[in-house]
Amino acid sequence: MATEPVPQRRTDIGPPHYDQFLHPLIKRNYGKWKHHEALKPGVLVHTAESGEAIYTVRAASARLLSTDFIKWVCDMADKYADGYLRFTSRNNIEFLLANKENIDPLIKDLNARGVPVGGTHNSISGVVHTQGWIHCHTSATDASGLAKTIMDELDEYFSSHKLPQRVKIAVACCLNMCGAVHCSDIAILGIHRKPPYVNHANLKNLCEIPTTVAACPTAAIRPVTVDGKASVEVDREKCMYCGNCYTTCPAMPLADADNDGVSIWVGGKVANARTRPMFSKLAIPYLPNNPPRWPEVTEAVKKIVDVYAANAKPWERIGEWIERISWPKFFEITGLPFTRYHIDDFRGANKTYRTTTHMKF
Amino acid sequence: MATEPVPQRRTDIGPPHYDQFLHPLIKRNYGKWKHHEALKPGVLVHTAESGEAIYTVRAASARLLSTDFIKWVCDMADKYADGYLRFTSRNNIEFLLANKENIDPLIKDLNARGVPVGGTHNSISGVVHTQGWIHCHTSATDASGLAKTIMDELDEYFSSHKLPQRVKIAVACCLNMCGAVHCSDIAILGIHRKPPYVNHANLKNLCEIPTTVAACPTAAIRPVTVDGKASVEVDREKCMYCGNCYTTCPAMPLADADNDGVSIWVGGKVANARTRPMFSKLAIPYLPNNPPRWPEVTEAVKKIVDVYAANAKPWERIGEWIERISWPKFFEITGLPFTRYHIDDFRGANKTYRTTTHMKF
Amino acid sequence: MEDKPKLDVPTPKLDELEKGPWPSFVTEIKRAATKSAMARDLVRQVEQSYNDRVGHWKHGGLVGVRGYGSGIIGRYSGKAEQFPEVAQFHTVRVNQPAGWFYTTKALRELCDMWDRHGSGLTNMHGSTGDIIFLGTKTEELEPFFTELTQKGWDLGGSGSATRTPSCCVGPARCEMACYDTLALTQDLTMEFQDTIHRPAWPYKFKFKMSGCPNDCVSGIARADFTIIGMWRDAIRIDQSAIPEYLGFEGFDLRRDVLDKCPTKCIEWDGKKLSINDKECNHCMHCLNVMPKALRIGKDTGATILLGAKAPIVEGALMSSVLVPFMKMEPPFTEVKDLVQRIWDFWEEFGNNRERVGELVTRVGLANFIEAIGLEPNPYMVMHPRENPYVFYDVDEAAE
Amino acid sequence: MEDKPKLDVPTPKLDELEKGPWPSFVTEIKRAATKSAMARDLVRQVEQSYNDRVGHWKHGGLVGVRGYGSGIIGRYSGKAEQFPEVAQFHTVRVNQPAGWFYTTKALRELCDMWDRHGSGLTNMHGSTGDIIFLGTKTEELEPFFTELTQKGWDLGGSGSATRTPSCCVGPARCEMACYDTLALTQDLTMEFQDTIHRPAWPYKFKFKMSGCPNDCVSGIARADFTIIGMWRDAIRIDQSAIPEYLGFEGFDLRRDVLDKCPTKCIEWDGKKLSINDKECNHCMHCLNVMPKALRIGKDTGATILLGAKAPIVEGALMSSVLVPFMKMEPPFTEVKDLVQRIWDFWEEFGNNRERVGELVTRVGLANFIEAIGLEPNPYMVMHPRENPYVFYDVDEAAE
Ligand code: SRM
Ligand code: SRM
Ligand code: SRM
Ligand code: SRM
Ligand code: SF4
Ligand code: SF4
Ligand code: SF4
Ligand code: SF4
Ligand code: SF4
Ligand code: SF4
Ligand code: SF4
Ligand code: SF4
């Protein structure tokens, strides 16, 4: 190691106890909340049995934050929230206010710095996303860039309650899906569309061959010997570009500027509210990587949200809405083409075939 | 061939045209029916646009019929139905009456010969069943015997409309399921519970080894050489007694007096009425073969029907009723034990795990 | 006909099954046994099975009539010394008339022929739909067949053949019928005679026709090729018939119809019933409950589904939608063409003992429909794929 | 803090992402870049990626702090010659406080430490829940860690370890919380420190705690071990609060609550709301819509579900019910025992890179629960099996 260990080095102490970070008003009413209300988009009030109330102002976040920005956020919390704040499971910043009078001044300061307030109730909250070109080696697209352009487009839905229900959007930069892509109302997924390139010269040094072979979900990888060196080969017919081989073996990169891109998925949900949790389903098999602003992607997402907003009934999540109107109608009214790629062909795919005559024409 | 072919022998003529078998009143109103009504259990009237009406009297049947009995049925049809009759997809006999006055006399004659009338609307119609010990080599139980004892028990439900909905019962004597077992409200399925006995001495003569190996759904069969003869062996851990090897290879019988028996399945349906078609689900993993009257089986079936009759809401098929009250409640109110066997462990089993917190306590 | 025929052989176990209110198959066998030695040995062997709690039949060998590969199920007793008259006890599958309609004349003729050549026992009908003549000897097959064809009857399917198509009563006596199930059944049966009688497929292939989504022949569960009647315009409403239903004891329009409609697309303002037909999923419920007031639409045809089968090997399959809506009128060319394209593909690529539903599962629905010349259609699936394992065809996508 | 920090390097592509109303991560990187050479090279490399349309990072090697096997994600640039300051650019996962609560004091301290040792860039937070310190060099890891622990912070999980548990805001600010999610998270995190810091499992293992079935940390989709709050007695109704809702514009009690209740177990007679709690499936909807009038019951605890994960290898899994209801009170012995039994089995029988949900899929749920000492329970499944492929244990059954 590069530096001297200092004597005080401690291990396995775990995180600080949350207790010390709770606003005194929260501490007093911990576990004794009675109900809540959204005073306006981005502002919640929770009332306790004691009659005390805590006001939450929820602010958008780029998630990727500089320490300078965090410190400025701290200034805001000091000024308006007695120095207490929290982050949400979707990376928003929540200021916890004992004093109702502070709400509007805080919002004013936030907005002045370009920080929208919203994300509550029937809105589109922040995008759950991943590392992409910022920090990951397996990415097929950039997550932060997509999240940014999409939210630029949907900003009005963040700061209002005008949707039929909450819409949860996620972006993942590869099939590892570090996040919520598989169960999101709208999900954008980075995809490869070419089999890995096998670097036979290096493979044996960098990878364990049995592990690499075992990594492939469709058994597309076989051990071979190339120029006297043990290596692997990929059956191009069986490969569906998932990248799991590359995760296991760096000698099998998949990234390809012209063929990588994203697919779009809709109708997932996690909450047990009304209906069961649902997986997201394929809506658009492929859109190109067109940085910096991915116009095809933002347009498609906007389109789906707008059609949903115009057609769904109150309380319907996107998946619930589509289940009601039926998938054929979804494709019809969004104008998205239904292709062979939409038909599942992985193991157990026939469970998705329509074994009923229930159809809407 | 044992006898001389006579010159008139014809082939590929197909069945006689149905046209000649239609009652003239039906012919006149073919395709022009307006509506129907059940006048009473077992009696339907269909009214045509012309105003004409055809009366149907539906009679129970053993399905396995002697020619003598069929001729007696013909007598009845001649006497009351102008010589026209049909059979239903559940093997009931339908007399087609132009004259309403004939209904009651016909029913009287039928009842006098021990032939119940019913099976319409919210009743239990005849059991769809298979050959069993009467004619099949792979049977694990007798189908006719089970169908008879069960209907003896449920006869009151055949001749009345007092159930919440139709209940469709099926019996199959082995996992080939020649009939409707996999989608029935209540299904009784003959099962083996021991791996096949391999007759090594004969196997090579009677069977093709690769086909036999390929027949096994769980890959439990391996080729082996026993005493110098090519044969197969069964991995007892992997065998789940389906009998497909025996269908392919007579040298692998499974029948076992003490361990064969039946399992009971519930909640299947075929119609698209209201809800989608549904597969039947396991209710009772095993009941013994206890001929001639299988008291354990009839009691269990009666119990399920009675609990359904007492608890379901109007229009609910058994599967719809259970979906509403939830499976835990079904096991609770029927008193049937829930065991490890009820938990699916075949391919794709995890799709049946409860991926929601929706639960009724 | 005797009510309780008495036999000279004791069958104490089976006698128990002559008790009770339901018609008894034992009585039927005994009835036949009073005339047929085969039936007499049958009842003895079955009694033996009831004692032993196992069946006593052996695997069937290949038996049949000249020029046919199917229609006969060979059956041999495993206890031939004890019950010599059922040493051979084959069944004959005779193709039923569409809709299972008969005249007494025709039925009597069939019975007489069977009395001459077989056990006198039948199944009316087998679960595929055939008339099953239960039990005869090899030597009787050819003469019986000859008589049969002379009277205008023919054999049904068995083995790796097209199986006897069957259908619901349809337009013959049902107001729900969206197409002529009997006509189509007759037509397909005649058209495909060769494939019914000469097994040439990888495995069996079954057709079932139901006139509407009530599916009264269980096609969706039991047929490889399932044709279910469908309409695509509006349900016809006769407002004047509604008051009659309202008057029925125990009938509650809201509870029994409106709330039970799965898509909640029916409204009732106290005077007028209206249906939002764009939302209707054709579940039949409202029509079933109020047939006098509601009728299927006028633009009728059928939905075509593919692939049902029993569990072995990969678990039971139901049929799934292939064509959401097809007009269904004689000479039924479009549907026959489709069948032919499916058969061509199955014949070429199906494994031995692989039903068409299993083939689709193996090759994938998207590949299958491409091979048979259909376009992808969202009606084919309950929902689009959930997993991201997409086989992109980049050259195609690049265009 | 500058609103639009200007850099001396041209980033025309990324500059496009400083436009628009949403907060910009590019601006954030630029802010950091004004102080950190690493952040400066990061923005340059990312600009390069935006031009090339591929990422430029290599597989991470094994880096970490002494005595720990996790908490650091090693990362190396594939263009180190061009962007030498990100030749090494490792992230540090710091275990967040339960519920993501902070004081400004604590946050400032964290920022200061990171400014000293890293790029000045963070993710608040990573999707598992950690504070992500984004980008530093190998040589900075140990000093940073030392400072961190001195201030009372510790690393989170990575690799084949228990991952940093996370929870919803729960009783700290939510009236729906059925148990103390923060207390349980803190307790498990402390109890399992060793397994978080020293990867010893076949693969990763994630805990997520939600206070109620709304599941605000998405446990059912994203955690191997998911603890979701539950009650099993009656929903508490405050009849006096209902009129207020009735008065809301656009609120329709029947449409918005009664008809949306999936089990239709709520009734309203115009004056009084009543719930048939035996029918309630705890979907939360009515409570979500009318929190002033309805409250969760008093007999609270949690449902325990197991096995969620992302798609690779066998397709995504959601967690499924293992224990329908468990009381959830300190010292949480019952749940910890259960975790330990699961780990014991997984350690012994799990394959390399096999998540616990995949293990259950492979061995079968019935075998799995038997091994960890739970009884079969119908709450574990949506419905009993549909296929007849039952592995009967005859000796047992014979008893
Ligand atoms: C703050 C937060 C928990 C946390 O510990 O961070 C939270 C807090 C609340 N959630 Fe949540 N939820 C939070 C993430 C989630 C998530 C997870 C996610 O978004 O990734 C879910 C599941 C998502 C899904 O289903 O895909 C979630 C599903 C819900 C639901 C069910 C929504 C529905 O489908 O009907 C409710 C009930 C409701 O909407 O009234 C709910 C309700 C609430 C309430 C009203 C609970 C309460 O009484 O205080 C809180 C205020 C919500 C609001 O935004 O108006 N919360 N909530 C999370 C805020 C995220 C954000 O910044 O936007
Ligand atoms: C005669 C027959 C067709 C035939 O060609 O033989 C037939 C005839 C009728 N069926 Fe059927 N169904 C017949 C077998 C079936 C089957 C198949 C079976 O039982 O194996 C089904 C699907 C079974 C399933 O879902 O598992 C079937 C599902 C229905 C339904 C939907 C029931 C429901 O789930 O709601 C209706 C509608 C109804 O009940 O009003 C129906 C309605 C009818 C109507 C009312 C149609 C009409 O308007 O004429 C007919 C009189 C039925 C009655 O019994 O009251 N028929 N019906 C079959 C009589 C069998 C028997 O003897 O009992
Ligand atoms: C006679 C009949 C049962 C009955 O009592 O009604 C029957 C009897 C036999 N079936 Fe069947 N099946 C009969 C309808 C069915 C049905 C129902 C249907 O067609 O609607 C099915 C389920 C649907 C399906 O096709 O999947 C059915 C699924 C099977 C199977 C499993 C096929 C599969 O793909 O999984 C087998 C096994 C086989 O083919 O080797 C089978 C095999 C048999 C054999 C030939 C036994 C064998 O393995 O060689 C049985 C001969 C019994 C005998 O000696 O008489 N039988 N079989 C039915 C035919 C009568 C008819 O022609 O009308
Ligand atoms: C940082 C983070 C994404 C983010 O931007 O927030 C992340 C980043 C990576 N994840 Fe992840 N995962 C992150 C949360 C997740 C989640 C979501 C969650 O935990 O709720 C998932 C889906 C849920 C799950 O666990 O299945 C997730 C599923 C994966 C997988 C697929 C695992 C699987 O069993 O299928 C991999 C592949 C692997 O393990 O090799 C993976 C692997 C990776 C690696 C280590 C790449 C690799 O193959 O070595 C990524 C490192 C990126 C980097 O260089 O910084 N990551 N990863 C998240 C961790 C932050 C934190 O500690 O708070
Ligand atoms: S989703 Fe893939 S590319 Fe993105 S951070 Fe996770 S592992 Fe890396
Ligand atoms: S990308 Fe996926 S499917 Fe293709 S070879 Fe690699 S592991 Fe197999
Ligand atoms: S179910 Fe099995 S035993 Fe019964 S008739 Fe069919 S193949 Fe024979
Ligand atoms: S009975 Fe079924 S599972 Fe057992 S060996 Fe035979 S084919 Fe395989
Ligand atoms: S399937 Fe439809 S058309 Fe055919 S008999 Fe049944 S209800 Fe009538
Ligand atoms: S057919 Fe079914 S879905 Fe259509 S209106 Fe009638 S009840 Fe509703
Ligand atoms: S999961 Fe339940 S308890 Fe936790 S924050 Fe969400 S609504 Fe509140
Ligand atoms: S929690 Fe859900 S199921 Fe229970 S009463 Fe409320 S809405 Fe109905």
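Chain naming here is simple, since letters A, B, ... match the order of the sequence lines and numbering starts at 1 in each.
Using a 4.5 Å cut-off on side-chain heavy atoms (C-beta onward), D/V394 and B/Y286 make no contact. B/S280 places none of its side-chain heavy atoms less than 4.5 Å from the side chain of D/E386. The shortest side-chain heavy-atom distance between B/D345 and D/N367 does not fall under the 4.5 Å cut-off. Contact annotation: the side chain of B/T339 never approaches that of D/P376 to less than 4.5 Å [non-hydrogen atoms, C-beta and beyond]. The closest side-chain heavy-atom distance from B/K281 to D/R385 is not below 4.5 Å. D/H282 places none of its side-chain heavy atoms less than 4.5 Å from the side chain of B/K360.
Contact of B/E237 with chain D is made through the backbone alone, with heavy-atom distances under 4.5 Å. Contact annotation for B/L175: only side-chain heavy atoms (C-beta onward) come within less than 4.5 Å of a heavy atom of chain D. Contacts of B/K329 with chain D are made by side-chain atoms alone, with heavy-atom separations under 4.5 Å and no backbone atom involved. Neither the backbone nor the side chain of B/H182 comes within less than 4.5 Å of any heavy atom of chain D. Interface remark: D/N377 contributes backbone atoms only to the contact with chain B (heavy atom separation under 4.5 Å). Contact annotation for B/I191: only side-chain heavy atoms (C-beta onward) come within less than 4.5 Å of a heavy atom of chain D. Interface remark: B/M278 contributes no atoms to any contact with chain D (heavy atom separation under 4.5 Å). With a 4.5 Å cut-off on non-hydrogen atoms, D/S319 touches chain B through its backbone but not through its side chain. Using a 4.5 Å cut-off between heavy atoms, D/V360 touches chain B through backbone and side chain atoms alike. With a threshold of 4.5 angstrom between heavy atoms, D/L322 does not approach chain B through any atom at all. For chain D, the nearby parts of B/P285 are the backbone and the side chain; heavy atoms of each come within less than 4.5 Å.
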Exercise for the section: I would like to know whether B/F361 and D/Y379 meet ring-ring contact (aromatic ring centres under 6.0 Å, His included); could you show each step before the answer? Expected result: CA-CA 10 Å; B/F361 293 113; D/Y379 289 103; 5.7 Å; yes

Exercise for the section: Check step by step if salt bridge (Lys or Arg N to Asp or Glu O under 4.0 Å) holds for D/D393 and B/R340. Expected result: CA-CA 11 Å; D/D393 185 337; B/R340 56 171 292 127; over 6 Å; no

Handout entry: Evaluation steps, side chain to side chain contact (heavy atoms under 4.5 Å, CB included), between B/T357 and D/M230
Key = CA-CA 8 Å; B/T357 56; D/M230 183 54 70; 3.7 Å; yes

Problem - Test log, rule side chain to side chain contact (heavy atoms under 4.5 Å, CB included), inputs B/F338 and D/V381 - result: CA-CA 11 Å; B/F338 183 86; D/V381 294; 4.0 Å; yes

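Contact record, B/W327 with D/M382: CD1-O, 3.1 Å, taken as the closest heavy-atom pair. In this structure, D/V321 and B/T356 approach most closely via the heavy-atom pair CG2-O, 3.4 Å.
Chosen from D/G357, D/P324, D/G315, the residue pairing most often with chain B at heavy-atom distances under 4.5 Å is D/P324. Of the listed residues D/C280, D/G364, D/P388, D/P213, the one with more heavy-atom pairs under 4.5 angstrom with chain B than any other is D/P388. Options D/M380, D/M318, D/E279 differ in how many heavy-atom pairs under 4.5 Å they form with chain B, and the most are formed by D/E279. Among the candidates D/T361, D/L365, D/D277, D/I369, the residue making the largest number of heavy-atom pairs closer than 4.5 Å to chain B is D/L365.
Here D/T303 contributes atom OG1 and B/M359 contributes atom CE; the two are 3.5 Å apart, rounded to the nearest 0.5 Å.
Not a single donor-acceptor pair under 3.5 Å links the side chain of B/H342 to the backbone N or O of D/P384. Looking at D/Y392, its side chain never comes within 3.5 Å of a backbone N or O of B/K194 through a donor-acceptor pair.
Shown here is D/K278, whose NZ atom has no more than 12 heavy atoms of other residues, nucleotides or ligands within 6.0 Å. Environment of CZ in B/R166: crowded, with over 12 heavy atoms of neighbouring residues, nucleotides or ligands closer than 6.0 Å. Counted within 6.0 Å of NZ on D/K264, heavy atoms from surrounding residues, nucleotides or ligands total more than 12; the atom is thus considered enclosed.
A side-chain donor from one of B/D344 and D/N387 sits under 3.5 Å from a side-chain acceptor of the other.
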